[in-house]
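Scroll down for the structure; my scribbles are underneath it.
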Amino acid sequence: MSIRWPFFKKKKKKTTELTEDIPKHVAIIMDGNGRWAKRRGLPRIAGHKEGMDVVRDIVIAATESGVEILTLYAFSTENWRRPKAEVDFLMKLPKEFMHVYLPEMIENHVKIDTIGEFKGLPDHTRDAINHAKEKTKDNKGLILNFALNYGSRNEIVKAVKEISNHVNTGTLKIENIDEELFSSYLYTKNIGEPDLLIRTSGEVRLSNFLLWQLAYTELWFTNELWPDFNEELFEKAMIDYQARKRRFGGI
Ligand code: IPE
Ligand code: IPE
Ligand code: MG
C-alpha cells in the first residue's frame with residue numbers, strides 16, 4: 001500500500017497540452033483491482049484497498065482540471081455474485097473512504113452523491129454515505145457520484161415501471177413520453193450524460209454501466225489496472241478526448 005505524505009501537498013503540474021475544453025462529466029469503470037492484487041500474491045481485497053486511495057487521487061485531479069461531475073462505478077448489481085467475504089469488504093469501503101478522505105473532500109468543496117439501488121445496501125454502508133451526503137450537500141465543487149449497487153438494465157426497468165404507473169394513474173399521457181422525459185426517470189436525472197468514459201484493466205465492455213447515458217459519450221480504454229491508474233493517465237484520457245471530434249450524428 002502506498003504511503004502518503006499529507007504534509008507536502010503535491011503541486012499541480014502545469015500542462016500545455018490540455019485545452020479549455022475539459023469534459024464536464026467524466027465516468028470511470030474502475031476495473032482490475034483483483035488482478036492487481038493477484039499479480040502481487042495478495043488477496044483480492046488488497047487491490048480494492050489500494051484502489052480506494054486511487055479514487056482520492058483522481059477526485060483531486062478532476063477537481064483541479066475543472067471537471068464538474070465524476071461518476072465512479074464502484075459496485076454493480078452483478079457484483080453480488082462474488083464471494084461473500086469480498087462483497088462484505090467492498091461494502092465496508094465507503095465507510096473507510098469517508099473516514100480517511102471526507103475532510104479532504106470537504107476542503108476541496110466536493111459534493112458526494114450516489115446512483116444505484118440505495119436501499120439494497122447494508123445499513124452500515126448507507127449510514128456512511130448518508131453522513132457524507134449530508135456533510136457535503138451544500139458544496140458547490142465537483143460532484144463525486146458513486147455508482148453503488150448500480151445496474152443500467154435495472155435502472156431502465158425501474159424507469160419503465162414508474163412511467164407505466166404514472167400512465168395508469170393518469171398523471172402522464174403516453175404521447176408525452178419522449179427521450180427527455182425518459183431521462184428524467186433515471187438516477188442521472190440531475191447530472192446528465194458523461195462526456196468521457198474511462199475503463200481501466202484492458203476490458204473493452206460496458207458491464208451494464210449507464211447504457212442509455214453513454215449513447216454519445218467518448219470511450220477511452222487503458223490496459224492499466226485501476227490501482228495503477230494515476231493523474232497522468234487521467235490527463236492523457238482528457239487530452240485524447242480533446243483531440244476527438246464529437247459529431248452527435250451530424251457532420
Ligand atoms: C474492480 O476490480 C472493482 C469492482 C468491480 C468492485 P475487480 O474486482 O473487478 O478486479 P478484476 O477485474 O477481478 O481484476
Ligand atoms: C465492472 O467491473 C463493475 C465495477 C467496476 C464496479 P466488473 O469486473 O464487475 O465487470 P466484468 O464482470 O469484468 O464485466
Ligand atoms: Mg473486474
Side-chain angles (χ1 to χ4, degrees), residues 1-2 25-59 62 69-98 100-101 112-118 120-122 124-126 128-129 132 143-156 186-188 191 194 196-214 217 219-230 233-234 237:
M1 256 149 260
S2 55
H25 183 174
V26 178
I28 309 182
I29 302 176
M30 310 182 289
D31 198 13
N33 294 350
R35 277 163 282 171
W36 182 92
K38 193 170 180 221
R39 280 179 199 173
R40 284 163 179 77
L42 298 168
R44 291 177 57 85
I45 58 170
H48 297 316
K49 176 72 177 64
E50 190 72 19
M52 186 192 90
D53 295 329
V54 176
V55 168
R56 177 266 172 209
D57 294 345
I58 300 309
V59 170
I69 303 159
L70 183 65
T71 297
L72 301 178
Y73 205 6
F75 193 89
S76 77
T77 47
E78 287 71 35
N79 287 147
W80 297 106
R81 294 175 186 156
R82 296 185 178 203
K84 185 175 182 301
E86 181 173 346
V87 169
D88 288 349
F89 186 86
L90 288 167
M91 287 300 145
K92 283 186 196 137
L93 274 187
K95 188 175 181 180
E96 173 75 5
F97 180 85
M98 301 311 170
V100 180
Y101 295 122
I112 292 168
D113 210 342
T114 57
I115 55 173
E117 195 66 46
F118 200 64
L121 296 169
H124 66 87
T125 312
R126 275 187 305 186
I129 290 161
I143 296 173
L144 172 56
N145 186 35
F146 287 104
L148 260 176
N149 197 17
Y150 175 86
S152 190
R153 289 179 174 177
N154 169 278
E155 174 185 40
I156 290 169
L186 300 175
Y187 292 123
T188 48
I191 55 171
L196 170 65
L197 172 85
I198 294 170
R199 182 169 188 154
T200 59
S201 91
E203 308 297 354
V204 187
R205 56 175 170 258
L206 297 178
S207 302
N208 202 15
F209 191 44
L210 302 172
L211 302 181
W212 169 278
Q213 296 89 339
L214 294 173
T217 301
L219 310 180
W220 192 88
F221 297 95
T222 174
N223 287 331
E224 295 291 336
L225 305 173
W226 178 251
D228 293 326
F229 196 69
N230 56 34
L233 284 162
F234 184 68

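In each ligand, atom 1 is the first atom listed, and ligand 1 is the first ligand listed.
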Region of Arg44 engaging ligand 1 - heavy atom pairs below 4.0 Å: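 Within the 4.0 Å criterion, Arg44 contacts ligand 1 through side-chain atoms alone.
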Ligand 1 contact on Asn79 by region, counting heavy-atom pairs under 4.0 Å: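 It is the side chain that touches ligand 1; the backbone stays farther off.
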If you have a sec, work out which protein heavy atom is nearest [atom] and how many Å separate them, to one decimal?
{"atom": "atom 6 (C) of ligand 1", "result": "Ala74 O, 3.3 Å"}
{"atom": "atom 13 (O) of ligand 2", "result": "Arg205 NH2, 2.8 Å"}
{"atom": "atom 2 (O) of ligand 2", "result": "Arg199 NH2, 3.6 Å"}
{"atom": "atom 14 (O) of ligand 2", "result": "Ser207 OG, 2.6 Å"}

Tell me which part of [X] gets within contact of ligand 2: side chain, backbone, both or neither, using heavy atoms under 4.0 Å.
{"X": "Ala147", "value": "neither"}
{"X": "Glu78", "value": "neither"}
{"X": "Arg35", "value": "neither"}
{"X": "Phe75", "value": "backbone"}

Got [X] and [Y] here, is their nearest side-chain heavy-atom distance under 4.5 Å?
{"X": "Tyr73", "Y": "Leu197", "result": "no"}
{"X": "Asn154", "Y": "Tyr187", "result": "yes"}
{"X": "Glu155", "Y": "Thr188", "result": "yes"}
{"X": "Thr114", "Y": "Tyr150", "result": "no"}

What heavy-atom pair brings [X] and [Y] nearest, and what distance separates the two atoms?
{"X": "Arg40", "Y": "Asp228", "answer": "NH2-OD1, 4.1 Å"}
{"X": "Asn33", "Y": "Pro227", "answer": "OD1-CD, 3.3 Å"}
{"X": "Arg153", "Y": "Asn208", "answer": "N-OD1, 3.0 Å"}
{"X": "Arg199", "Y": "Ser207", "answer": "NH1-OG, 2.8 Å"}
{"X": "Asn230", "Y": "Leu233", "answer": "OD1-N, 2.9 Å"}

Shortest-distance N, O or S atom of Asp31 relative to the Mg ion (ligand 3):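 So the atom name we want here is OD1.
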Atom indices of ligand 1, in the order listed, that fall short of 4.0 Å to a heavy atom of His48: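 Reading through ligand 1 atom by atom, the close ones are 3 (C), 8 (O).
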Polar atom proximity, Gly34 to ligand 1 (N or O, under 3.5 Å):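 The answer is yes, given that Gly34 and ligand 1 share an N or O pair closer than 3.5 Å.
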Within-cut-off N or O pair, Arg82 and ligand 1, under 3.5 Å: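 Checking ligand 1 against Arg82, an N or O pair does fall under 3.5 Å apart.
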Gap separating the CG atom of Leu148 from the CZ atom of Phe118, nearest 0.5 angstrom: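 Separation between the atoms: 8.0 Å.
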Mutual orientation of the aromatic rings belonging to Trp226 and Phe229 [parallel < 30°, tilted 30-60°, perpendicular > 60°]: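 Parallel.
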Contact (N/O only, under 3.5 Å) between Tyr73 and ligand 2: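 No, since none of the N or O atoms of Tyr73 sits under 3.5 Å from an N or O of ligand 2.
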Closest candidate by heavy atom, reference atom 5 (C) of ligand 2, pool Met30, Arg81, Glu203: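 Looking at heavy atoms only, the winner is Met30.
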Ser201 to ligand 1, any heavy atom closer than 4.0 Å: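 Distance cut 4.0 Å: Ser201 fails for ligand 1.
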